[in-house]
Amino acid sequence: MRNSRTPRNSRKSALLGAAALGAALALTSTSAQAATPAPRHYVALGDSYAAGAGVPGQSAGLCLRSDRNYGHLVAAALKAANYTDVTCAAAKVKAMTQAQYDAFIRVNDPQLDAVTPDTDLVTLGIGGNDLGVTDLGLGDLVATCIAGAVVNPLGTPCKDVFHHGHWDWSSWSWQYGNDDLADRIEAARPQVADVLKRIHAKAPNARVLLVGYPSVLPADGASCVFRQPIAPGDVPYLHGVLGELNAMLKSTAAANGATFVDTAGPTAGHDVCSDDRWIEGALPGSPAVPFHPNATGEKVMADAVLAALR
């Protein structure tokens with residue numbers, strides 16, 4: 001009889017322990033949220049990833065600003081007294097201090113104009129569009145890579161263009177030269193640093209979060225075969241480029257009094273080649289601009305911002 005009761009007692013103890021642990025975790029989560037005071041004036045700055053481009057409902061014309069982007073979700077979660085969203089699709093770093101034009105059409109005022117002395121929380125998501133040279137920004141990169149895959153689907157056409165791949169007759173091998181995208185990331189570093197300094201000058205009491213980019217592509221190109229119109233050989237290269245961009249943003253944030261928010265980690269495994277996409281591909285399965293977060297992706301990014309604020 002004693003042996004027959006032991007399993008039931010053990011199960012009962014395990015259930016009680018699990019319940020206690022769950023209660024402790026819930027209390028910890030509640031306490032963490034309570035520790036983040038409601039902002040008096042929260043300002044969201046950034047590009048299409050911050051704007052939630054393509055995610056319903058949209059506003060602000062060509063800025064493609066969603067009312068379900070991570071800024072709106074963070075403002076609602078923190079019960080911000082005032083929330084100003086000036087994010088805009090295709091914004092480059094210069095759009096923080098200059099009016100933004102797309103195809104000669106003025107689409108947005110300088111975003112830093114929204115930051116005022118009473119601003120006490122700022123999120124900034126910027127830098128990706130500086131990888132491109134036209135108003136399309138990051139779209140430049142995507143278009144080049146897709147076009148290359150059409151003519152060289154089994155090679156690395158995108159990497160060859162930006163990393164200057166060429167055949168070296170002297171060594172009888174394929175060689176690479178300077179990496180244009182790495183250079184553009186480094187060129188954006190002082191610009192992002194300047195924006196952070198300007199934010200601190202305009203709003204000395206603001207907590208500033210520099211939000212990184214999510215996992216758009218996996219590290220392994222094999223998972224993208226027949227899933228996206230990008231050569232599988234280019235996938236690791238592009239994954240590495242976004243990693244370099246995030247690394248630059250992280251170090252720039254640390255050097256300029258801002259908190260870096262990692263969104264690549266939380267979205268890993270839910271890239272454009274995944275069966276469970278939080279970042280949509282060339283043919284979106286749910287509303288979003290191609291190669292951008294869908295509503296779930298924006299929520300995951302919002303959760304990462306909220307976690308960074310605790």
Side-chain angles (χ1 to χ4, degrees), residues 43-51 63 70-71 86-102 107-117 119 121-142 144 161-164 176-214 216 237-264 301 304-305 308:
V43 177
L45 312 170
D47 58 22
S48 51
Y49 284 76
C63 281
Y70 67 74
V86 291
T87 56
C88 192
K92 297 187 177 184
V93 179
K94 66 181 181 180
M96 300 301 106
T97 56
Q98 302 174 27
Q100 182 179 339
Y101 290 83
D102 288 342
V107 297
N108 210 24
D109 293 333
Q111 293 191 28
L112 284 183
D113 287 357
V115 179
T116 55
T119 301
L121 176 61
V122 176
T123 52
L124 169 65
I126 203 70
N129 286 316
D130 288 83
L131 295 176
V133 295
T134 71
D135 286 346
L136 290 175
L138 194 59
D140 265 3
L141 176 60
V142 173
T144 299
V161 168
F162 293 110
H163 208 336
H164 298 280
Y176 288 96
N178 215 43
D179 191 330
D180 292 340
L181 298 182
D183 288 346
R184 292 172 192 175
I185 289 171
E186 281 308 305
R189 182 190 295 274
Q191 299 178 53
V192 175
D194 179 66
V195 169
L196 293 174
K197 291 172 184 174
R198 289 173 182 267
I199 293 172
H200 288 309
K202 296 193 71 172
N205 299 317
R207 184 164 183 187
V208 183
L209 280 68
L210 185 57
V211 182
Y213 289 85
V216 179
Y237 168 68
L238 294 172
H239 176 85
V241 168
L242 286 176
E244 289 179 28
L245 175 59
N246 278 329
M248 181 276 284
L249 294 173
K250 182 177 182 179
S251 60
T252 304
N256 292 276
T259 299
F260 176 73
V261 180
D262 171 34
T263 64
M301 293 175 78
V305 171

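No hydrogens, no waters, no symmetry mates; every other heavy atom, side chains included, goes into these values.
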Do the side chains of [Y] and [X] get nearer than 4.5 Å, heavy atoms only?
X      : Y      : answer
Thr144 : Phe162 : yes
Leu196 : Leu124 : yes
Leu45  : Ile126 : no
Arg184 : Asp130 : no
Ile185 : Val241 : yes
Glu244 : Leu181 : no
Leu209 : Leu121 : yes
Phe260 : Asn246 : yes

Mind listing the closest non-hydrogen atom pair of [X] and [Y] along with its distance?
X      : Y      : value
Ala89  : Ala51  : N-CB, 4.4 Å
Ala91  : Gln111 : CB-NE2, 3.7 Å
Gly128 : Leu245 : CA-CD2, 3.8 Å
Val261 : Ala308 : CG2-CB, 3.9 Å
Thr119 : Ala203 : O-CB, 3.5 Å
Pro214 : Thr263 : N-OG1, 3.2 Å

(request) Begin with the C-alpha distance, continue with both residues' side-chain angles, and end with the deciding distance and a verdict on side chain to side chain contact (heavy atoms under 4.5 Å, CB included) for Asp109 and Val86. (result) CA-CA 8 Å; Asp109 293 333; Val86 291; over 6 Å; no
Backbone N or O of [Y] within a donor-acceptor pair of the [X] side chain at under 3.5 Å?
X      : Y      : value
Asp140 : Val133 : yes
His163 : Gly177 : yes
Lys92  : Gln100 : no
Thr123 : Ala44  : no
His200 : Val208 : no

(request) Show your working on side chain to side chain contact (heavy atoms under 4.5 Å, CB included) between Leu141 and Leu238 and close with a plain yes or no. (result) CA-CA 10 Å; Leu141 176 60; Leu238 294 172; 4.1 Å; yes
Between atom [atom1] of [X] and atom [atom2] of [Y], what is the distance when rounded to the nearest 0.5 Å?
X      : Y      : atom1 : atom2 : result
Asp194 : Met96  : CG    : CE    : 12.0 Å
Leu131 : Asp183 : CG    : CG    : 11.5 Å
Gln191 : Thr97  : CD    : OG1   : 8.5 Å
Asn129 : Lys94  : CG    : NZ    : 11.0 Å

(request) Begin with the C-alpha distance, continue with both residues' side-chain angles, and end with the deciding distance and a verdict on side chain to side chain contact (heavy atoms under 4.5 Å, CB included) for Asp135 and Tyr101. (result) CA-CA 8 Å; Asp135 286 346; Tyr101 290 83; 5.6 Å; no
(message) Taking atom NZ as the centre, does Lys202 end up with more than 12 heavy-atom neighbours from other residues, nucleotides or ligands that are less than 6.0 angstrom away?
(response) yes
(request) List the steps and the verdict of side chain to side chain contact (heavy atoms under 4.5 Å, CB included) for Tyr213 and Leu138. (result) CA-CA 12 Å; Tyr213 289 85; Leu138 194 59; 5.7 Å; no
